[in-house]
Amino acid sequence: MKIFIDTADIDEIRQANDLGLLDGVTTNPSLVAKTGKPFRAVLEEICEVVKGPVSAEVVATESELMLNEARELAKIAKNIVIKLPLTEDGLRATKTLSGEGVKTNVTLCFSAPQAWLAAKAGATYISPFVGRLDDICQIGMELIEQILTIYNNYDFDTEVLVASVRSPLHVVEATMMGAHVATIPFKVIQQLVKHPLTDLGLARFLEDWKKVPQ
Ligand code: G3P
């Protein structure tokens, strides 16, 4: 499973990239707003650091305007992926962009039929939001299982990008289900590495090492 980082914070992106395990980045308007910097500048900075796919979201709600925005965003760098909302206009724009060979990430997916339609529109990635479903007492990861089954049944190329990840358990379940990508906040990437027994074991080894004659 590929690891994307879900942030627009360049320091977090640099740190995750230094691990050598980062495959891409997803941003959204809320994450960009947190940086306090202009949208284009944020994306240019990210694309200088990360060579894998970098999702940039359109904010227009009408398909023609989405396409105008998408074409401008695509000029920033070769690895820009256009993120579009799962609406009728978003699907129309996705269909057009996929016909032009532009990579797309259809976002704000909360149901299996939405994911099916995004795949039919030719989306490169579908982003189901598992954490936000958990928040309203629906099991987000069940949606991932449904989408993977549907995509597998019809041999869709669209990759399932597990989004709104809130904990390492989401990531573990995503890998066990065979999701293609998870976009993970920096804090959760750090949690994936950590284990108290690793820290304890390392401390003991280092302590015992002091007893070894040098
Ligand atoms: O980038 C979209 C998604 O990952 C947002 O996550 O935590 O705001 O639900 P969250």
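As the structure lists them, so they are numbered: ligands from 1, and atoms in each ligand from 1.
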Inset, instruction - Decide yes or no on side chain to side chain contact (heavy atoms under 4.5 Å, CB included) for Val162 and Val165, but give the supporting numbers first. - result: CA-CA 7 Å; Val162 181; Val165 163; 3.9 Å; yes
Legend entry - Nearest non-hydrogen protein atom, atom 8 (O) of ligand 1: Arg132 NH2, 2.8 Å
Inset, instruction - List the closest protein heavy-atom neighbour of atom 2 (C) of ligand 1: residue, atom name, distance to the nearest 0.1 Å. - result: Phe129 CZ, 3.2 Å
Inset, instruction - Applying side chain to side chain contact (heavy atoms under 4.5 Å, CB included), run through Leu86 and Thr107 and close with a yes or a no. - result: CA-CA 6 Å; Leu86 215 156; Thr107 189; over 6 Å; no
Inset, instruction - May I ask you to identify, for Glu57, whether its side chain, its backbone, both or neither come under 4.0 Å of ligand 1 on a heavy-atom basis? - result: neither
Legend entry - Closest protein heavy atom to atom 6 (O) of ligand 1, given as residue, atom name and distance to 0.1 Å: Ser164 CA, 3.3 Å
Legend entry - Check: Ser111 main-chain N/O paired with Gln114 side-chain donor or acceptor under 3.5 Å: yes
Legend entry - Taking atom 7 (O) of ligand 1 as the reference point, the nearest protein heavy atom with its distance: Arg166 NE, 3.2 Å
Inset, instruction - Return yes when atom NZ of Lys120 has more than 12 non-hydrogen atoms of other residues, nucleotides or ligands closer than 6.0 Å, and no otherwise. - result: no
Inset, instruction - Output the list of atoms in ligand 1 that are nearer than 4.0 Å to some heavy atom of Ala163, sorted by atom number. - result: 4 (O)
Inset, instruction - Please determine if Asn28 has a nitrogen or oxygen closer than 3.5 Å to a nitrogen or oxygen of ligand 1. - result: yes
Inset, instruction - For atom 4 (O) of ligand 1, find the nearest protein heavy atom and state the residue, atom name and distance (0.1 Å precision). - result: Asp6 OD2, 2.5 Å
Inset, instruction - Could you list all the side-chain hydrogen bond (donor to acceptor under 3.5 Å, both in side chains) pairs where at least one residue sits in residues 143-161, not counting sequence neighbours? - result: Lys2-Glu159
Legend entry - Residue pairs involving residues 123-134 (criterion side-chain hydrogen bond (donor to acceptor under 3.5 Å, both in side chains); sequence neighbours excluded): Asn105-Ser127, Asp134-His170
